[in-house]
Amino acid sequence: MRKPKTIIEKIWEKHVVHEEANKPDLLYIDLHLIHEVTSPQAFEGLRMNNRKVRRPELTYATMDHNVPTIHRNVIKDEVSKTQMETLKTNCDEFGVPLADIHHPDQGIVHVIGPELGLTQPGKTIVCGDSHTSTHGAFGALAFGIGTSEVEHVLATQTIWQAKPKTLNVKVNGKLGTGVTAKDLILAIIGKFGVKFGTGYVIEYTGEAVRDLSMEGRMTVCNMSIEAGARAGLISPDDTTIEFLRGKRHVPQGEAFDKAAEEWKALATDEGAVYDEVVEINADEIEPQVTWGTNPGMCIPVSANVPIPEESENAIEHDEIGRALEYMGLDGGEPISSVNIEHVFIGSCTNSRLSDLRKAASIVKGNKVNPNVKAIVVPGSFSVKAQAEEEGIDQIFKDAGFEWREAGCSMCLAMNDDVVPEGERCASTSNRNFEGRQGTGARTHLVSPEMAAAAAIKGHFVDVRHLGVPTPS
Amino acid sequence: MEPIRKHQGLVYPLNRANIDTDQIIPKQFLKRISRQGFGQFVFYNWRFDSKGELREDFSLNQPKYKGTSILVAGENFGCGSSREHAPWAIQDYGFRVVIAPSYADIFYNNCTKNGILPVQLTEEEVQTLIQNAETESYYLTVDLEEKKVYDNQGFETSFEIDDYKREMLLNGWDEIAVTLTHADKISQFEEARK
């Protein structure tokens with residue numbers, strides 16, 4: 001009998017171009033996504049060495065990190081403007097397809113890949129962006145790379161990679177009502193730490209993972225990097241296939257059904273062995289809020305902020321103390337008593353249509369707290385258009401939210417969407433690092449539902465006890 | 001890239017774990033389109049206050065670490081964003097070697113593509129080096145050929161590094177040129193999939 005294999009091994013074996021003992025494998029790349037911030041130096045390198053893009057048709061570029069979200073044509077920062085113009089020049093010169101800021105396919109690179117059906121099961125996908133792990137939701141092997149590697153993939157369509165170890169994160173049972181994919185991944189990182197995935201590719205399995213929509217799976221895989229894993233994926237199933245059916249870049253008609261069979265066959269075999277397995281019980285997970293300066297510093301909304309003195313080890317003690325100081329919090333205070341000044345609903349983690357629908361269902365008929373400035377930044381031009389068709393934009397606007405154009409926006413504040421120093425933001429993004437949303441800004445990561453609830457109340461609140469129906 | 005075989009330099013200790021690339025170089029400095037000039041922004045929000053003045057309480061600003069070229073830090077160094085601007089900034093500031101108990105994968109890789117040697121030592125060894133460098137002007141020698149780190153006071157240890165990465169760093173090779181020696185195999189692979 002054939003040895004049972006994980007999906008990770010299956011995809012890997014199909015992409016090895018060259019292998020030698022004691023060396024990484026040379027791996028073929030099926031899809032290379034590009035954005036304006038991590039690509040200019042790569043194109044410049046090609047130019048200096050008189051090299052071409054080997055497979056421009058397997059490359060796809062968009063502008064997302066720097067783009068303005070209020071007025072598309074008003075880019076105050078000349079340097080940002082140059083970076084966007086440079087991407088346009090590079091794509092024109094090297095023949096790479098580009099969705100620029102006026103293009104109807106523009107959006108956050110990790111939102112548009114799946115939306116256009118460029119992201120498919122079994123593909124190897126790279127991008128000069130650590131949240132490339134998002135695409136793993138489809139059963140693709142997708143990981144972030146640096147700019148030198150971007151240049152390498154542009155020139156050769158391959159990358160040198162040591163075979164990763166495999167890690168099964170098994171989520172037993174079901175998530176409770178009002179507990180989301182975001183809470184699940186935050187709880188996983190909170191439980192196992194910000195580096196438990198280093199050196200591994202994670203496969204998420206278990207009933208709660210199977211129950212997730214594709215959007216939920218993307219949220220989970222997106223934050224694999226926050227656990228240290230470059231890639232995280234989920235074996236394809238009917239949910240995957242139905243999401244992809246009819247998307248622009250997937251095969252159509254009978255060819256789709258044939259592809260779907262091949263995709264499903266990629267799923268991890270019964271009895272396949274991982275290098276490591278960890279487990280978590282879904283029914284124990286509550287809505288989460290981060291209190292500190294990395295995504296592992298998170299607690300259930302009903303809990304209190306940790307006290308440094310209660311920590312056993314000296315390094316951890318210092319880390320907690322420093323994080324509390326930066327965050328302007330006292331050890332021991334309930335997280336639900338913490339007031340916020342900003343709410344950001346957006347980012348490659350939580351800016352898809354279903355995220356906006358769920359947040360809107362909380363917001364509907366309520367008003368943003370007068371002390372809070374709240375913005376919604378859809379993940380793509382297409383998400384924005386669909387939301388407007390459904391009237392979701394109006395729900396947010398009626399409540400006092402600002403409704404913006406698509407982009408990365410306040411997740412990393414490279415454009416004008418910045419949280420001022422010392423102010424606090426409930427954010428649906430993925431990183432609460434010091435200065436991430438602005439110098440001295442204080443970020444608390446939450447789900448879209450929890451962000452919406454915080455916008456209304458002006459502080460964190462368990463969305464399940466808000467007195468409005470919570471979406472399942 | 002510039003080859004690195006053996007490097008001797010002044011050690012700068014930064015005793016924090018989970019230093020992310022947003023700390024190494026904040027996002028407002030990622031807008032340049034060249035690889036040069038990022039050193040002035042390294043650890044910007046720790047080195048400078050909100051008015052842009054040097055913060056004297058941040059150790060890297062102290063005169064005793066002027067001219068440092070070996071950075072020693074806590075575990076999971078370089079986590080977060082894949083930005084290669086982080087190793088560019090570290091290198092442009094003058095660092096050739098980083099020593100830590102563990103690294104984020106992307107950062108580690110990015111270092112090796114730029115002629116920065118990331119050395120992995122045990123937590124205990126790293127703490128010893130940090131203590132030494134906090135108390136005196138402390139110099140280390142890092143020998144990539146021999147895979148050893150030592151000082152002139154009796155500290156000596158060895159480290160592991162992938163043979164491929166070691167060879168690339170020792171020779172300063174252009175990785176794309178190396179890969180293109182396999183161009184036939186890439187073409188064959190593409191043909192076979194049609």
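Per-residue heavy-atom pair counts under 4.5 Å with chain B were compared for A/G228, A/A155, A/P24, and the maximum is reached by A/P24. When each of B/A104, B/A192, B/G74, B/A17 is checked for heavy-atom pairs under 4.5 Å with chain A, B/A17 comes out on top. Counting heavy-atom pairs under 4.5 Å between each of B/D174, B/L30, B/D163, B/T179 and chain A puts B/T179 at the top. With chain B as partner, the option from A/R54, A/H131, A/H65 having the largest number of non-hydrogen pairs under 4.5 angstrom is A/R54. In terms of heavy-atom pairs under 4.5 Å with chain A, the best-connected choice from B/S50, B/C79, B/A183 is B/S50.
Here the closest heavy-atom approach between residue A/S130 and residue B/S81 is recorded as OG-CA, 3.7 Å. Here the closest non-hydrogen pair linking B/G80 and A/I225 is O-CG1, 4.2 Å.
With respect to A/K23 and B/E167, no salt bridge is recorded, no charged nitrogen being found less than 4.0 Å from a carboxylate O. Of the charged side-chain nitrogens involved, at least one lies within less than 4.0 Å of a carboxylate oxygen, so that A/E151 and B/R35 count as a salt-bridged pair.
For chain A, no part of B/Q36 is nearby; none of its heavy atoms comes within less than 4.5 Å. Interface remark: A/V16 contributes backbone atoms only to the contact with chain B (heavy atom separation under 4.5 Å). Using a 4.5 Å cut-off between heavy atoms, A/Q437 contacts chain B through its backbone alone, with no side-chain atom that close. Both the backbone and the side chain of B/S187 come within contact range of chain A, with heavy atoms under 4.5 Å apart. The contact between B/E175 and chain A is made by backbone and side chain atoms together, counting heavy-atom distances below 4.5 Å. Contacts of A/H15 with chain B are made by both backbone and side-chain atoms, with heavy-atom separations under 4.5 Å. Contacts between A/N415 and chain B at a heavy-atom distance below 4.5 Å are absent for every atom of the residue. Of the two parts of A/T156, the backbone and the side chain both hold a non-hydrogen atom closer than 4.5 Å to a non-hydrogen atom of chain B. With a 4.5 Å cut-off on non-hydrogen atoms, B/Y108 does not touch chain A at all. Using a 4.5 Å cut-off between heavy atoms, A/I315 contacts chain B through its side chain alone, with no backbone atom that close. Proximity to chain B is limited to the side chain of A/E421, based on heavy atoms less than 4.5 angstrom apart. Interface remark: B/A177 contributes backbone and side-chain atoms alike to the contact with chain A (heavy atom separation under 4.5 Å). Both the backbone and the side chain of A/T439 have a heavy atom closer than 4.5 Å to some heavy atom of chain B. With a 4.5 angstrom heavy-atom cutoff, A/A229 does not touch chain B via any of its atoms. Proximity to chain A (any heavy atom under 4.5 Å) is shown, for B/Q188, by neither the backbone nor the side chain.
In this structure, the separation between OH on B/Y103 and NZ on A/K195 is 12.5 Å, given to the nearest 0.5 Å. One finds the CG atom of B/N18 at 5.5 Å from the CG atom of A/N294 (value rounded to the nearest 0.5 Å). The distance from atom CG of B/D105 to atom CD of A/Q161, rounded to the nearest 0.5 Å, is 8.5 Å. Atoms CG and OH, from A/D25 and B/Y164 in turn, are 11.5 Å apart once rounded to the nearest 0.5 Å. The line from CD1 of B/I106 to CG of A/D129 is 8.5 Å long, rounded to the nearest 0.5 Å. Interatomic distance, B/K165 NZ to A/W160 CH2, rounded to the nearest 0.5 Å: 11.5 Å.
Between B/W88 and A/T147 the shortest side-chain heavy-atom distance falls below 4.5 Å. Annotation: side chain of A/T198 is not in contact with side chain of B/S102 (no heavy-atom distance under 4.5 Å). Side-chain contact between A/L26 and B/H182 is present, with at least one heavy-atom pair separated by less than 4.5 Å. Using a 4.5 Å heavy-atom cutoff, the side chains of B/N15 and A/D318 are not in contact. Side-chain contact between B/N110 and A/E149: present, with at least one pair of heavy atoms (C-beta onward) separated by less than 4.5 Å. At least one side-chain heavy atom of A/R230 sits less than 4.5 Å from a side-chain heavy atom of B/N109. Contact of the B/L180 side chain with the A/R51 side chain is registered, since non-hydrogen atoms from C-beta on lie closer than 4.5 Å. Side-chain contact between B/E84 and A/S148 is present, with at least one heavy-atom pair separated by less than 4.5 Å.
If you check the side chains of B/S34 and A/E44, you find no donor sitting under 3.5 Å from an acceptor.
Surrounding CD of B/E124 are at most 12 heavy atoms belonging to other residues, nucleotides or ligands under 6.0 Å away. The environment of B/K64 atom NZ is dense: over 12 non-hydrogen atoms of other residues, nucleotides or ligands sit within 6.0 angstrom.
The closest donor-acceptor contact from the side chain of B/K27 to the backbone of A/R436 lies under 3.5 Å.
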Legend entry - Candidate pair B/N45 and A/E434, rule side-chain hydrogen bond (donor to acceptor under 3.5 Å, both in side chains), full reasoning: CA-CA 9 Å; B/N45 291 338; A/E434 286 182 29; over 6 Å; no
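Considering A/D77, A/N66, A/T82 in turn, A/D77 is the only one that fulfils the side-chain hydrogen bond (donor to acceptor under 3.5 Å, both in side chains) rule with B/K31. Of the candidates B/R193, B/E190, B/K185, A/Y28 forms a side-chain hydrogen bond (donor to acceptor under 3.5 Å, both in side chains) with just one, namely B/E190.
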